[in-house]
Amino acid sequence: MSSSQPFASSPISPSHRRPRRSKFTYKNLSTLAHYATNSPLRVIAHIDLDAFYAQCEMVRLDVPADQPLAVQQWQGLIAINYPARAYGLSRHVTITEAKEKCPDIICQHVATWKEGDVSWGYSEDAWKEIASRKVSLDPYRIESRKILAVIKEALPEEKQRVEKASIDEVFLDLSAQVHAVMLERFPELGGPPPYDDPTECLPRPPTTVLDWKADALVDLDASQSEEDDPDWDDIAMLIGSEIVRDVRKKVYEKSRYTCSAGLSKNKMLAKLGSGYQKPNRQTVIRNRAVGHFLSGFKFTKIRNLGGKLGDEVVAAFNTDSVKDLLPVPIEQLKKQLGDDTGSWLYSVLRGEDHSEINPRTQIKSMLSAKSFRPSINTMEVACKWLRIFVADIFGRLVEEGVLEHKRRPKTINLHHRQGQQSRSKQIPIPMGKGITEEVLFDLAKRLLAMFIVDGRAWPCSNLSLSVGGFEDGVVGNKGIGGFLVRGDEARQLQQGGGGGMFGGGGGGGGGGSRGEPKKKRRRIKAGGIPTFFAHRWDGTGEDDGESQREDSMETPPLDEDNNGEGSGMEARNVDPIDELYEHHEDEDKEFPHGPDRDTAEQSTLPPSFQPQTDDTPSTPSVHEANDLPDNNTTTSDDTYQCSRCRQRVPETEKTEHDDFHFAQDLQNERESPPPRPPPPKAVPPTLSKNNKSKGRGRPPGGGAGGGGGVEKGQRRLAFG
DNA sequence: TCGCTTTCC
DNA sequence: TGGGAAAGCGA
């Protein structure tokens, strides 16, 4: 095996005589064919869409290429196209500032969802409704998928390795394709090595001047000169750059997106290269230019050094430049940064990075999140957002073709932020049944209940729901694991299939050990679903999961028919998964609902969805108008009688009291032990620890308007 | 595995 | 700033 980089730190090249042989061996060449990460001929590309979100809007709105445009999210700008940047605009500029500097600019707000919407949509005054809407990046995900498909189409199916690095970036390992092109273009490379010895050097490439077209060529290292004859690594890079130029051309022709690209021998350099010249340019960093290229950078621009680690290094060595760090011996780096980090940094500073291109284009997790300003204070409001998150995520699961591809997430996770404090809870998504909105919503509510039980739920400044741990299904066996339920298939037919984009992929994803003998869950035949599921909390109208998802463009708004049935008050340790199984046996109904469903009254947007202010000590208004309208009374002596347990508690304890019921309901759905309500004038027992600072008596804050019209639906089906 | 942190866009 | 996504770590 040849040493991996025979020339990487080549201090010398004094000979002006043309060597008869290449630096590279036959073996070196052959390593190219199988993407060897240590191949000295490796060709890696990084492709980065220019101001991606902005371009998406330009394409969608069909505006001219020179039209300044920014993408707005609430009061901020999250993407600015290059015409607008010419006016000195950047992110972190306010809308008004942007319009002052560039009167012609289009500030397009991102798509949003609102409660009751069947899908996301673009709304003129979305920015006014931060309190009632959540942004959707779906339009960009969809465009991203299309572009990815075009990129894959542009590459030979058997010789492509594509890693989707983010919504607007991909890495390509072009090694195998380049290898093939080299053999085809230079037949002399195909012959057997002299003496059949693979460590023999290759013949020298022809001396023809390489035509780099419009590529930005990085200057060479000091020890090199353009007059030096090219070797095979230059040829390989040139071929790679032709491929990338073709890919970019096709992306532009098929979808009008421009992108920038970097080519080099590894990911780190390719990535640095794609940002070197923007927009719409590609940069090639040949092996013999690496040193010079890198030495001009601050190392904080290098991947993984842009954050705390970078700061640490700066602090340790009092410099942020690559050049200054180059003389530092590896021992020194190790000593100050630890062995692993030190040696990693040492090689990275020299342009070495052997990380693989991970042939993965499928998603590994999905998240739907919302920051609340001001904070939210009640579980009703939280559940309403959970509803939206679930609809969002479920739609994406379907859209991505998860169901067809027999992939499914294993876990569901809720992140919660209260002030600075951020925590998350995670539970498994039960196997053995199809994933439906109702299942996800139920799990999400359980997670929320866990925070409430912890006692530190309110005021909540951020919620984010995610599913992850995607694992591959058992191919060709729908039955096992219940990857498909009947309703799913029906929905897919309605959808017209959206998942075709993610073809290849390869082994990626879960790989988790399947098939270990999991504890058998008892399946209980049941006709009924506990009344708990009749959304006491979310209240959005239920549908039967099959029909008229499309017809019902408007979701029935919250109802709060809390009739308090089945409220076991005793804290029991019940396995939530067992719970779920026992409740969801009725597979004929995908979205089962409780008997009280038909009596649910539909009101318009409830006060619980009105903007919550941080200052209002957890919300008198909320329950009064909505929650338990038939039973609850808030009397003039500032106490409140709970309809569930008939206890009278101080108004100031109302939230905790309701939270208690909420959490207990989730834990004790099936049990109906004699109610043992929390003692009045005290925090309920399970909340008794960690109950300091419940968010009362907060400083004043303003609320923004809520409500507004329902958006036009997109093509996505959601809850309805 | 879970909960958390870090990094990147 | 806010909404997403991935990966790594320690218990």
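No experiment lies behind these values; they were computed from the predicted model shown. Residue numbers start from 1 in every chain, and the chains themselves are labelled A, B, ... in the order their sequence lines are given, proteins ahead of strands.
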| request: Go through the side-chain N and O atoms of A:T300 and A:D320 and say whether any donor and acceptor fall under 3.5 Å apart. | output: no
| request: Check the distance between C:dG4's C1' and A:R141's CZ and give it to me in whole angstrom. | output: 7 Å
| said: Just to be sure I understand the rule, does A:S466 reach a base, reach only the sugar-phosphate, or reach nothing, if contact means heavy atoms closer than 4.0 Å? | reply: nothing
| message | At less than 4.0 Å, is any side-chain N or O atom of A:R91 found next to OP1 or OP2 of C:dT1? Yes or no. | response | no
| said: Just N and O in the side chain of A:K308: are any of them under 4.0 Å from OP1 or OP2 of C:dG8? | reply: no
| query | Are the aromatic ring centres of A:Y276 and A:F293 under 6.0 angstrom apart? | reply | yes
| query | Would you say A:K164 reaches B:dC9's phosphate, i.e. side-chain N/O to OP1/OP2 under 4.0 Å? | reply | no
| query | Are A:K164 and A:E169 within salt-bridge range, i.e. N to O under 4.0 Å? | reply | no
| query | CG of A:L465 versus P of C:dG4: gap in Å, rounded? | reply | 11 Å
| Please give, in whole Å, the distance from C:dG2 P to A:H415 NE2? | 17 Å
| task | Using only side-chain N and O atoms of A:S424, determine if any of them is under 4.0 Å from OP1 or OP2 of B:dC2. | result | no
| query | Across the strands shown, which category fits A:G76 at heavy-atom distances under 4.0 angstrom: base, sugar-phosphate, nothing? | reply | nothing
| Hey, does the side chain of A:S371 come within less than 4.0 Å of C:dG2's phosphate (OP1/OP2), counting only N and O? | no
| said: Please report the distance, rounded to the nearest Å, between OH in A:Y140 and P in C:dA5. | reply: 14 Å
| message | Within the 3.5 Å criterion, strictly below it, is a donor on A:T37 or A:H354 matched to an acceptor on the partner's side chain? | response | no
